[in-house]
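First up is the structure itself, then whatever we jot down about it.
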Protein chains: 2
Amino acid sequence: MAAVGNVTGPISSFDPYERGCPSRDLLDQIGSKWAVLVLGELGRNGASRFSRLRQALAGVSEKMLTQTLRTLERDGLVTRTVYPEVPPHVEYELTTLGQTLREPLKALTEWSVQHIEEVISARGEYDDRTERTR
Amino acid sequence: MAAVGNVTGPISSFDPYERGCPSRDLLDQIGSKWAVLVLGELGRNGASRFSRLRQALAGVSEKMLTQTLRTLERDGLVTRTVYPEVPPHVEYELTTLGQTLREPLKALTEWSVQHIEEVISARGEYDDRTERTR
DNA sequence: CGGTATCCTCTACGATACTG
DNA sequence: CAGTATCGTAGAGGATACCG
């Protein structure tokens, strides 16, 4: 049982099933659309530049990539290293903490690839079933 | 190498790093705010009723819970069983497919609980660092 | 190259009220 | 009890243009 330390408010639990729980928000963050893909890419291929990430994550806008990277940097999951050259050169890389997310995230990503066909066929059956009824 | 089968369009890969990939969407679905919590709750405590789920997921609205459950049912991850009684009685339970998500999702949830304090302190440092600079 | 700034749209989500 | 229906808001997310 970990010491919690938050004594300023009634909401001090880290149980993600409680409302206002910080770990619930964190879970949302790391599970968000672009964050999973950024972390996955940096985990598989190591450090990468902004433009390479943009290519790897087909369809991401500059805005969302920047925003995602900033959040990940702030959360201590990714480092941002600027090389003062012309033209500019910026590298992003997983931190030690970020590395600990590789396995869990990889498992989830692989699950979605491995079971997508099952899910698609389940959707078809559901739609047939409900379309007939109404 | 799995056979893909989709021969109707140029986008037929299940690589989540490709735009328009169905498994990318699925990943978003199962990683979404309420879906993780619903799946987690059903995984930990077995079958549950609507009202019990609503209590377990503190703060969820009826609308979002219904919507989440419908999507999970459609995707073949959860079954919905109606007992024709008065008052109504509906049970939700993980399917066999849904069970396969338990481990990956549990790993991610536990990660967020175990590392939330590290992340919070990283945020503090980042904010101090950037506040001074600007 | 690696951003920031701005504008705009769309959807996630919540609050409330009603129903079989 | 377990929803559906409706409305309203905030933020996610994209397109475009400009900058160090």
Whole angstrom is fine here: how far is it from [atom1] in [X] over to [atom2] in [N]?
| X | N | atom1 | atom2 | answer |
| --- | --- | --- | --- | --- |
| A/Met64 | C/dG3 | CE | P | 15 Å |
| B/Gln67 | C/dT11 | CD | P | 12 Å |
| B/Glu73 | D/dG3 | CD | C1' | 13 Å |
| A/Glu62 | D/dC19 | CD | P | 15 Å |
| B/His89 | C/dG20 | NE2 | C1' | 17 Å |
| A/Phe50 | D/dC19 | CZ | C1' | 14 Å |
| A/Leu65 | D/dT16 | CG | P | 18 Å |
| B/Glu91 | D/dG3 | CD | C1' | 16 Å |

Considering only side-chain heavy atoms of [X], which listed nucleotide, [options], is closest?
| X | options | value |
| --- | --- | --- |
| A/Ser61 | D/dG3, C/dG2, D/dG14 | D/dG14 |
| A/Lys63 | D/dA15, D/dG20, D/dC1 | D/dA15 |
| A/Val90 | C/dC1, D/dA2, C/dG3 | C/dG3 |
| B/Trp34 | C/dG14, D/dG13, C/dG2 | C/dG14 |

Touch class at under 4.0 angstrom, heavy-atom based, for [X] against every strand present:
| X | result |
| --- | --- |
| A/Arg54 | nothing |
| A/Tyr92 | sugar-phosphate |
| B/Arg70 | sugar-phosphate |
| A/Arg80 | sugar-phosphate |
| A/Pro88 | base |

Quick check against the 3.5 Å criterion: does B/Tyr17 have a side-chain atom that pairs as donor or acceptor with the backbone of A/Leu37? yes

Okay, side chain of B/Thr95, backbone of B/Gly76: is any donor-acceptor separation there less than 3.5 Å? yes

Under the side-chain contact (heavy atoms from CB on, under 4.5 Å) test against B/Val38, which residue among B/Leu69, B/Val60, B/Leu94, B/Thr71 passes? B/Leu69

Please answer: with hydrophobic residues joined when any side-chain heavy atoms are less than 4.5 Å apart, are A/Leu108 and B/Leu97 in the same cluster? yes

[X] vs [N]: side-chain N/O to OP1/OP2 distance below 4.0 Å:
| X | N | result |
| --- | --- | --- |
| A/Ser51 | C/dC1 | no |
| A/Thr66 | C/dG3 | no |
| B/Arg49 | D/dC1 | no |

Quiz question: by atom type and distance under 3.5 Å, do the side chains of A/Asn45 and A/Glu41 form a donor-acceptor pair? yes

